[in-house]
Amino acid sequence: MLNFLKQCLAAFCIGAILLLLTTVAEAQSLNAAGDDGLVRVRSAYSVDETVARMRQDIAAKGITFFQEVDQAKLAAGAGIALPPSTLIVFGNPPLGAQFLTANPYSGLDWPVRVLVLQEADGSVWVAWTDFAWIARRHHIGDRQQQFAMATSVVESITSTVRAK
């Protein structure tokens with residue numbers, strides 16, 4: 001019970017800060033999602049350094065880190081060469097549960113998944129699914145503030161690695 005209350009308090013504090021960040025992020029229109037809902041930002045670091053910096057920021061924000069999947073390592077185990085590619089999964093259960101209560105099938109997109117990958121030219125990119133796109137996909141129209149908060153969280157986390 002105490003841990004739940006701590007998570008709720010942390011979510012509230014983070015939410016207040018992130019609502020401010022949402023306004024700034026929307027004003028700057030830093031990331032435009034395509035028709036496929038994919039948002040990409042270029043990282044200034046290697047895949048490993050990008051993942052490490054993002055994990056550090058996730059921990060500093062008190063966000064639950066669920067998993068890191070080294071897709072290149074898994075591919076190598078299957079005898080397939082794949083450039084560096086790591087999927088990280090994280091979230092805030094009190095926030096994510098609000099999407100699931102709106103539409104349980106939104107669990108296909110929660111918790112948050114962010115892909116860090118290196119392209120053939122050596123550039124490193126961070127990608128995720130746009131939350132407004134997720135809302136449309138799952139016909140969730142009554143959680144705009146929560147989707148804005150999720151956007152702000154990912155914007156904030158990826159800002160720690162964004163190439164200038």
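On a predicted model such as this, the values are computed, not experimentally measured, just so you know.
- Residue pairs meeting the salt bridge (Lys or Arg N to Asp or Glu O under 4.0 Å) criterion with at least one partner in residues 88-107, sequence neighbours excluded, are absent.
- Judged purely by atom type and a 3.5 angstrom limit, N103 has no side-chain atom pairing as donor or acceptor with the backbone of I140.
- Side chains of V114 and V126 form a contact here, defined as non-hydrogen atoms less than 4.5 Å apart.
- Looking at heavy atoms from C-beta onward, W125 lies out of side-chain contact with L115 at the 4.5 angstrom threshold.
- Here salt bridge (Lys or Arg N to Asp or Glu O under 4.0 Å) pairs that include residues 81-94, with residues two or more places apart or in two chains, number zero.
- A side-chain contact (heavy atoms from CB on, under 4.5 Å) with S43 is found for exactly one of T50, T160, T158, namely T50.
- For the ring-ring contact (aromatic ring centres under 6.0 Å, His included) condition, no pair includes a residue of residues 51-84, sequence neighbours left out.
- For D142, the side chain to side chain donor-acceptor pair (under 3.5 Å) criterion is met by no residue, not counting sequence neighbours.
- Under the 4.5 Å side-chain criterion, counting only non-hydrogen atoms from C-beta, I63 is in contact with V153.
- Residues satisfying the salt bridge (charged side-chain N to carboxylate O under 4.0 Å, His left out) test with R53, not counting sequence neighbours, are E49.
- The shortest distance between side-chain heavy atoms of I134 and W110 falls below 4.5 Å.
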> Could you walk me through whether T101 and R143 pass the side-chain hydrogen bond (donor to acceptor under 3.5 Å, both in side chains) check?
Replying inline: CA-CA 10 Å; T101 59; R143 303 286 196 276; 3.2 Å; yes
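- T64 is not listed as a side-chain neighbour of N92, based on a closest heavy-atom distance of 4.5 Å or more.
- Take R42 and apply the salt bridge (charged side-chain N to carboxylate O under 4.0 Å, His left out) test, not counting sequence neighbours, and it matches no residue.
- Residues passing the ring pair (Phe, Tyr, Trp, His ring centres under 6.0 Å) test with F147, sequence neighbours excluded: F99.
- Between F90 and I157 there is a side-chain heavy-atom pair separated by less than 4.5 Å.
- The salt bridge (Lys or Arg N to Asp or Glu O under 4.0 Å) analysis of residues 93-122, with sequence neighbours excluded, yields the pairs R40-E119, D109-R137.
- Pairs of residues two or more places apart, or lying in two chains, that qualify as side-chain hydrogen bond (donor to acceptor under 3.5 Å, both in side chains) and include a residue from residues 71-84 are Q71-S85.
- Under the side chain to side chain contact (heavy atoms under 4.5 Å, CB included) criterion, A132 pairs with D130, R136, not counting sequence neighbours.
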> So T86 and V69, side-chain contact (heavy atoms from CB on, under 4.5 Å) or not? Walk me through it.
Replying inline: CA-CA 5 Å; T86 301; V69 180; 5.9 Å; no
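- Within the model, atoms CD of Q145 and CD of Q98 stand 8.5 Å from one another, a figure rounded to the nearest 0.5 Å.
- Annotation: side chain to side chain donor-acceptor pair (under 3.5 Å) contacts of D70 (sequence neighbours excluded): none.
- With sequence neighbours excluded, the residues forming a salt bridge (charged side-chain N to carboxylate O under 4.0 Å, His left out) with R55 are E68, listed by chain and number.
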